[in-house]
Participant: 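What follows is a single structure, and I will ask about it in a moment.
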Number of protein chains: 2
Amino acid sequence: MVGRRSTGLIQGVRRSIWLKEDDEQVVQIIDQRHLPHRLVIEDIRTSEEMARAVADMHLRGAPLIGVAAAYGMYLAFARGEDPRRAEEKLLNTRPTAVNLKWALEQVRSAVENEISAAKKIQKALKTANRIAADDIETCRKIGGHGLKIIESIAKRKNGASVEILTHCNAGWLACVEWGTATSAVYQAFEKKIQIHVWVDETRPRSQGARLTAWELAERGIPHRVIVDSAAGHLMQRGHVDLVIVGTDRTTRTGDVANKIGTYLVALAAKDNRVPFYVAAPSSSIDWNAKDGVRDIPIEERHADEVKYVQGFSDGEVRQVRLTREDTEAANYAFDVTPRRLITGIITERGIAEANERSLLRLFPEKK
Amino acid sequence: MVGRRSTGLIQGVRRSIWLKEDDEQVVQIIDQRHLPHRLVIEDIRTSEEMARAVADMHLRGAPLIGVAAAYGMYLAFARGEDPRRAEEKLLNTRPTAVNLKWALEQVRSAVENEISAAKKIQKALKTANRIAADDIETCRKIGGHGLKIIESIAKRKNGASVEILTHCNAGWLACVEWGTATSAVYQAFEKKIQIHVWVDETRPRSQGARLTAWELAERGIPHRVIVDSAAGHLMQRGHVDLVIVGTDRTTRTGDVANKIGTYLVALAAKDNRVPFYVAAPSSSIDWNAKDGVRDIPIEERHADEVKYVQGFSDGEVRQVRLTREDTEAANYAFDVTPRRLITGIITERGIAEANERSLLRLFPEKK
């Protein structure tokens, strides 16, 4: 049962969402806006509260958004809300992540033949639990495939540290456990391979500096935070062996939408012959999309996320304004990395090249 | 006389350094660390104070650093300091900008045949004033050449706004007046050409969000601030017609060292066929350097510049910490953009292609 994991939370928490231990009608999440300064656990009681948590980014990350949406639907049934309204509200929180839509469809089809309210609640919960459990297993497998890449570089480097660069947070805070991009890092660390991670801070919301660095610090994995602009310089000087990032949506042809700036990292990797891998659970592959730039909607968020920065000062988490008050800013949340820049896409079934033929070889049922 | 300009400062200040109106033994600068929140004028009385102002980035920008160093030497002579120690201290403040070394050499050779202290002071001041005046004229000319590029795009776009992207601050706050990269922008605006500027915020020190946006706002030029990571997305979607950036040091072969992240912008420009220009006064060309990656030292600054962000909150300029306190960060201040990514180098004598032959055609005395 998912909820059981909530014991011993504060020390060594490595899970992002669970049912409350003594009240199964409450879902608990980490309100990630307070990290790395404070670990805040939030009780979510309604689909409305879950939609707000997703839209306002108490939690984020494509896989976790999907899981959260499924639990949101469970709460809708458990609280006797209108499921259609709940689904619509959850769907409209974040337009780029395809997992969201996928997870909502999973719940809808699980309950559609049930008539009793109790059965609907039960099926919705079971589906949400299954999606969460599947995500854990998927991430574990992705890490296993990614580990082989790290092992082969470690062998070539003969004991010298493998230098891995990542952008944003595709760790367990973006999933349920393990993470997508970080799973291979954790597995390599557990196998005592020497690694060091360059963590792009990931403006505007600093998910790298705040979340990825926190995750790595919690496990004692060597890392350094850099500004996003430094990735090219590091690669030009030979300080990066491998890039692994996550994805919010990948087309069947291998174009990858991910956090704004991923495209620039990929250009730098290509220019310096650094392998660039995307960790993509199949739930984040949009089999209906063929052209990333044309088919993937890019979310624009509020300009204040660019103008204000949140951090810790005098014992408090507070925001400071970088610009003049009247300055206008534009805030694109994601960009699209064209397949030609991608070395490989690491899925739970193995590593594909970034093209339709290779992805379909791993997922023949999508032909 | 340079000092005379200090009148009417607070309203419409457009100059970065000058002699104090009623005391020629004091140099005044804008302490840029407080912008855009407060306009603070600082009195500099010794070469030591000037060296600290340069090292701690009260002022910055390759051309201004050169001018400031020259005035620093003037103060050294005026105060009867040991000129050799003063020069050494000033030289060691910032390793990347070549203007610094050049300006110090100008003062040294101007005073070397003088015996009387009074004459030395006079010559040092004259040299500093000349370097400042030359910089203004150089920037004006660079803007004139850049203006032609903007005019030709405006013509092609038939009245639609010319979309210009810039990185960091290569405005008058980085020079004395006009700026290098912004000079063409100001001249286009004065000619009533429709323009809009995308301002890269430029982490870690936010010179774009703080300084370039402030400069543009003061003149009423339309602009929006973006995170550095957004440049690729904007170009991919056709929202950028032209990139103009400054430079801290350019090799005789056309490789360009500039603020960290410039290389990524250039990669994105190349990938999307957006013209990428560098505004380079000849004082920033290092005629002894042939290979940018090999020959240009890249300054590493304190990790706290990455971990802490300065902004405005509750009526005060304050710093907030983004990361955990114990997080390590790396802070490379510049990167090198290889000449193959550069459309043209805009000098005071005209626009060169980014190669030795073309630069030497404009500067045949450097053959």
Side-chain angles (χ1 to χ4, degrees), chain A residues 36-37 198 200-204 206 209-210 213-214 217 222-234 236-237 259-265 267-268 271 293 298 303 306-314 317-332 334-336, chain B residues 36-37 167 198 201-204 206 209-210 213-214 217 222-234 236-237 259-265 267-268 271 293 298 303 306-314 317-332 334-336:
Chain A
H37 313 295
W198 295 106
D200 273 4
E201 64 168 340
T202 317
R203 281 279 291 151
S206 311
R210 295 195 301 110
W214 180 80
H223 64 282
R224 265 178 288 178
V225 172
I226 50 171
V227 296
D228 304 317
S229 282
H233 174 71
L234 286 173
Q236 197 180 56
R237 304 282 162 142
K259 181 57 55 199
I260 191 81
T262 304
Y263 169 43
L264 294 179
V265 176
L267 282 169
D271 201 45
V293 173
I298 298 298
V306 175
K307 291 172 64 179
Y308 291 80
V309 172
Q310 182 182 289
F312 199 72
S313 160
D314 295 334
V317 176
R318 63 169 91 218
Q319 286 201 322
V320 295
R321 176 162 43 78
L322 291 175
T323 60
R324 284 161 60 124
E325 193 151 24
D326 61 358
T327 293
E328 285 184 56
N331 184 13
Y332 304 92
F334 303 95
D335 62 21
V336 172
Chain B
H37 312 296
H167 189 71
W198 295 106
E201 64 169 341
T202 317
R203 281 279 291 148
S206 311
R210 296 194 303 108
W214 179 80
H223 64 282
R224 265 178 287 178
V225 172
I226 51 172
V227 296
D228 305 316
S229 282
H233 174 71
L234 286 172
Q236 198 180 56
R237 305 281 162 143
K259 183 57 53 197
I260 191 82
T262 304
Y263 169 43
L264 294 178
V265 176
L267 283 168
D271 202 45
V293 172
I298 297 297
V306 174
K307 293 172 64 179
Y308 291 80
V309 172
Q310 180 181 292
F312 199 72
S313 161
D314 296 333
V317 176
R318 62 169 94 218
Q319 286 203 321
V320 295
R321 176 164 41 78
L322 291 175
T323 61
R324 285 161 59 125
E325 193 152 22
D326 61 357
T327 293
E328 284 184 55
N331 184 14
Y332 304 92
F334 303 95
D335 63 20
V336 172

Participant: Find the distance between OH (A:Y263) and CG (B:L267) and round it off to the nearest 0.5 Å.
Facilitator: 9.0 Å

Participant: Output the distance between atom OG (A:S313) and atom CD (B:Q310), rounded to the nearest 0.5 Å.
Facilitator: 11.5 Å

Participant: Is there a side-chain contact between A:R318 and B:V320 in this structure, where contact means two heavy atoms from C-beta onward sitting under 4.5 Å apart?
Facilitator: yes

Participant: Could you pull out the closest heavy-atom pair between B:R237 and A:I298, with the gap in Å?
Facilitator: NH2-CG1, 3.6 Å

Participant: What residue, out of B:L322, B:D326, B:N331, has the most heavy-atom pairs lying under 4.5 Å from chain A?
Facilitator: B:L322

Participant: As an exercise, state the distance from CD of B:E328 to CD1 of A:I226, rounded to the nearest 0.5 Å.
Facilitator: 13.5 Å

Participant: Using a cut-off of under 4.5 Å on heavy-atom pairs, state which of B:W198, B:Y332, B:F334 scores highest against chain A.
Facilitator: B:Y332

Participant: Yes or no on side chain to side chain contact (heavy atoms under 4.5 Å, CB included) for A:K307 and B:V225, after CA distance, side-chain angles and deciding distance?
Facilitator: CA-CA 8 Å; A:K307 291 172 64 179; B:V225 172; over 6 Å; no

Participant: B:V306, B:V293, B:D228, B:T327: which one forms the most heavy-atom pairs within less than 4.5 Å of chain A?
Facilitator: B:V293

Participant: Which one, A:R210, A:Q319, A:H223, A:H233, leads in non-hydrogen pairs under 4.5 Å with chain B?
Facilitator: A:H233

Participant: Among A:D335, A:V227, A:V317, who wins on heavy-atom pairs under 4.5 Å with chain B?
Facilitator: A:V227

Participant: Select one option (side chain, backbone, both, neither) describing which atoms of B:S206 are under 4.5 Å from chain A's heavy atoms.
Facilitator: side chain

Participant: Quick one: CZ on B:R203 to CD on A:E201, what's the gap to the nearest 0.5 Å?
Facilitator: 4.0 Å

Participant: For a 4.5 angstrom cut-off between non-hydrogen side-chain atoms, does A:S229 reach B:H167?
Facilitator: yes

Participant: Tell me which of these, A:A330, A:A209, A:A268, has more heavy-atom pairs under 4.5 Å with chain B than the rest.
Facilitator: A:A330

Participant: Heavy atoms only, distances under 4.5 angstrom: which of A:D314, A:D200, A:T262, A:I260 has the most pairs with chain B? Name it, please.
Facilitator: A:I260

Participant: First locate atom NE2 of B:H37, then atom CD of A:E325, and finally report the distance between them rounded to the nearest 0.5 Å.
Facilitator: 10.5 Å

